[in-house]
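What you are looking at is a predicted structure, and each value in this text was computed from that prediction instead of being measured. The analysis underlying the following values was restricted to heavy atoms, covering all of them including side chains, and did not include hydrogens, waters or symmetry mates. Counting starts at 1 for both ligands and their atoms, in listed order.
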Amino acid sequence: MHTEPAYSEIFLTRCAFVIYGKKVYKSFSDRLPLEGAKEVLDFGCGMGTVAYYTLKRLESGRLTCLDISERWLKACRKTLRDFPDVSFINDRAALENDCFDIIYCHFVLHDIQESELEEAIPDLVRALKCGGVLVFREPLKEIQKLVTIKRLLSENGLILKDSRITDVPLMGNSLESVYMKAEPAD
Ligand SMILES: C[S@@+](CC[C@H](N)C(=O)[O-])C[C@H]1O[C@@H](n2cnc3c(N)ncnc32)[C@H](O)[C@@H]1O
């Protein structure tokens with residue numbers, strides 16, 4: 001079960017995008033290792049705040065924006081209206097196996113209940129190519145969720161490659177981590 005956002009929340013997020021676009025969303029997108037990436041997934045894309053900057057950097061790759069909310073997806077289509085080659089989906093069950101080079105989750109995983117994370121994280125790992133990278137940024141104050149997220153990523157075979165703490169306006173100190181799906185051993 002999920003609830004759709006109020007239109008006022010979408011309006012306030014659009015204001016935050018205008019005010020903090022470069023400082024929050026562009027800076028996160030700029031750190032994504034997009035060079036050579038063919039397929040990229042924005043999981044929990046919201047109104048396309050990070051996707052907007054990712055698309056400016058993606059040269060020959062394709063972006064898929066996934067959100068459980070139709071209302072956020074509609075707002076995302078509007079934000080990304082100048083970019084022709086974007087897919088929008090609302091169901092992670094539609095993700096194919098081993099198809100993304102990069103999956104990123106920007107302030108999404110902490111919003112998902114622990115019981116659903118137990119299913120969502122294996123689904124994301126399944127959709128990631130071997131050698132592919134998963135990046136998340138979530139508020140540090142959500143310590144219990146972070147413990148669960150890190151446990152599930154590691155139990156599902158991802159290896160931690162990098163971590164940093166950034167101070168994000170409105171969200172406070174946040175943990176940003178980069179994980180890689182290892183190539184199978186010979
Ligand atoms: C705080 S917003 C972040 C949106 C965007 N990533 C950003 O940083 O602006 C969280 C988003 O995750 C989406 N979301 C929550 N649970 C989800 C799920 N199980 N699957 C996909 N999207 C989900 C919400 O609908 C919402 O758009």
Rounded to the nearest 0.5 Å, what separation is found between the CG atom of Leu41 and the OG1 atom of Thr54?
11.0 Å
Would the distance check show the side chain of Glu138 and the main-chain N or O of Val108 forming a donor-acceptor pair, the cut-off being under 3.5 Å?
yes
Within the structure, does Asp111 bring an N/O atom to less than 3.5 angstrom of an N/O atom in ligand 1?
no
For Pro169, what residues pass the side-chain contact (heavy atoms from CB on, under 4.5 Å) criterion, not counting sequence neighbours?
Tyr20, Lys23, Val24
When you measure from atom 16 (N) of ligand 1 to every protein heavy atom, which one gives the shortest distance, and what is it?
Ile112 CG1, 3.6 Å
Name the closest protein heavy atom to atom 17 (C) of ligand 1, giving the residue it belongs to and the distance to 0.1 Å.
Ile68 CG2, 3.7 Å
Go through ligand 1 atom by atom and flag the ones less than 4.0 Å from a non-hydrogen atom of Tyr25.
8 (O), 9 (O)
Hey, which atoms in ligand 1 end up nearer than 4.0 Å to a heavy atom of Leu66?
21 (C)
Mind checking whether Ser69 has an N or O less than 3.5 Å away from an N or O of ligand 1?
no
I'd like to check whether Gly44 has a polar contact with ligand 1, where a contact means an N/O of the residue lying under 3.5 Å from an N/O of the ligand.
yes
Below the 3.5 angstrom mark, is there an N/O of Arg92, backbone or side chain, next to an N/O of ligand 1?
no
Is the shortest side-chain heavy-atom distance between Thr166 and Arg137 below 4.5 Å?
yes
Under 30°, 30 to 60°, or over 60°: which ring-plane class applies to Phe17 and Tyr53, parallel, tilted or perpendicular?
perpendicular
Atom 2 (S) of ligand 1 has as its nearest protein heavy atom Phe107 O, 3.7 Å
Which ligand 1 atoms are under 4.0 Å away from a heavy-atom of Gly46?
4 (C), 27 (O)
Donor-acceptor contact present, side-chain Glu176 to main-chain Val135, <3.5 Å:
no
Is any N or O atom of Asp67, backbone or side chain, closer than 3.5 Å to an N or O atom of ligand 1?
yes
